[in-house]
Amino acid sequence: MTVYNFGSINIDLIYRVPHLVKPGETLSSRSMDTVLGGKGANQSVAVARAGTLVKHVGRIGGSDQWAVQQMADLGVDVSLVEVIEGPSGHAIIQVDDAGENSIILHGGANQSFSRDVLENHLVNANEADWLLIQNECNNLAEAFDIAIAKGMRIAFNPAPMTADVRDLPLHKCDVLIVNETEAELLSGLTDPDAVLVELAKRYPQTQLVMTLGSKGALLQSESQVYRRDAMSVEVVDTTGAGDTFVGYFLASLIDGLDHEACLNRACAAAALSVTKAGATPSIPAAAEVEALLQ
Ligand code: RIB
């Protein structure tokens, strides 16, 4: 069993600011760091750090190969990452004193996938494998199509949410992981419990997971709802917490953990991630997560 993660690789430019910049305002940052990021790369690193084999299907510009090396150093199989001409995806991230962020994305190489490229990368995948997807690369519909034809299991985290996500065959997802904003846009409802009921009606074969930030997470499987409160930690930077949750949740599910244990492990990993700066640099190792859970 292999997890194929068709996902973005971004160069994150992180600016620490006293508050998120307002319209028309010019604001000096206190510091600037350049780190590996992208919801795709972050989730691959989280799956790998949780101890599960993950092959990243991605693309990056030639001047940023250091980022691919970092993914490899953190345990991700990068044999399906292509270095192409042109700019990499990047993100301009403001992080304020409360650890909250706002992000501007530039798609770059993440938006250059054709059906042929995806078919080539997934040529050896089969029904024992998973396809993990976020929403920072182009041609998601083709990726779904290929995975469904191969009988692969699909885990989808529609982040960042866009209107065209609704046109994807979401009923074919084995696992759908959304935050509150994504859940609201998908269902048209705001109350988390009502959202779960609505999404469970629409996608009866899908395990639904909703992350609630500092309020924890919910999981609906068949007619059962599981809840987990967030752990109380000192927040330094929330960037990448959702990605850490997704990677650890999927790895735990694949490891055969029950629903509650999957939620516990993913929430603990996400809690640890917000105590450090940066997305990928803050994703904890499995031993740190186990220690917290003890
Ligand atoms: O989820 C956090 C990520 O969102 C950052 O690493 C940034 O690259 C954006 O994709």
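All values below come from the heavy atoms of this structure, side chains included, with hydrogens, waters and symmetry mates left out. Atoms within a ligand are numbered from 1 in the order they appear, just like the ligands themselves.
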query: What residue pairs, at least two apart or across chains, pass salt bridge (Lys or Arg N to Asp or Glu O under 4.0 Å) with a residue in residues 284-293?
result: R265-E290, K276-E288
Could you pull out the N/O contacts under 3.5 angstrom between ligand 1 and the surrounding protein atoms?
from: ligand 1; atom 1: 1 (O); to: K39; atom 2: NZ; distance (Å): 2.9
from: ligand 1; atom 1: 1 (O); to: D243; atom 2: OD2; distance (Å): 2.7
from: ligand 1; atom 1: 4 (O); to: K39; atom 2: NZ; distance (Å): 3.1
from: ligand 1; atom 1: 6 (O); to: D12; atom 2: OD2; distance (Å): 2.6
from: ligand 1; atom 1: 6 (O); to: G38; atom 2: N; distance (Å): 3.0
from: ligand 1; atom 1: 6 (O); to: N42; atom 2: ND2; distance (Å): 3.1
from: ligand 1; atom 1: 8 (O); to: N10; atom 2: ND2; distance (Å): 3.0
from: ligand 1; atom 1: 8 (O); to: D12; atom 2: OD1; distance (Å): 2.6
from: ligand 1; atom 1: 8 (O); to: G38; atom 2: N; distance (Å): 2.9
from: ligand 1; atom 1: 10 (O); to: N10; atom 2: ND2; distance (Å): 3.1
from: ligand 1; atom 1: 10 (O); to: K39; atom 2: N; distance (Å): 3.4
from: ligand 1; atom 1: 10 (O); to: E136; atom 2: OE1; distance (Å): 3.0
from: ligand 1; atom 1: 10 (O); to: E136; atom 2: OE2; distance (Å): 2.6

- prompt: Is there a donor-acceptor contact under 3.5 Å linking the side chains of S79 and D77?
  reply: yes
- request: Would you kindly say whether Q43 and D243 are connected by a side-chain donor-acceptor distance under 3.5 Å?
  value: yes
message: Could you work out, with side chain to side chain donor-acceptor pair (under 3.5 Å) as the rule, every residue matching D73, not counting sequence neighbours?
response: Q69
query: With a 4.5 Å heavy-atom cut-off, do Y4 and M152 have their side chains touching?
result: yes
message: Show me the pairs that pass side-chain hydrogen bond (donor to acceptor under 3.5 Å, both in side chains) and involve residues 208-219, at least two apart or across chains.
response: E180-K215
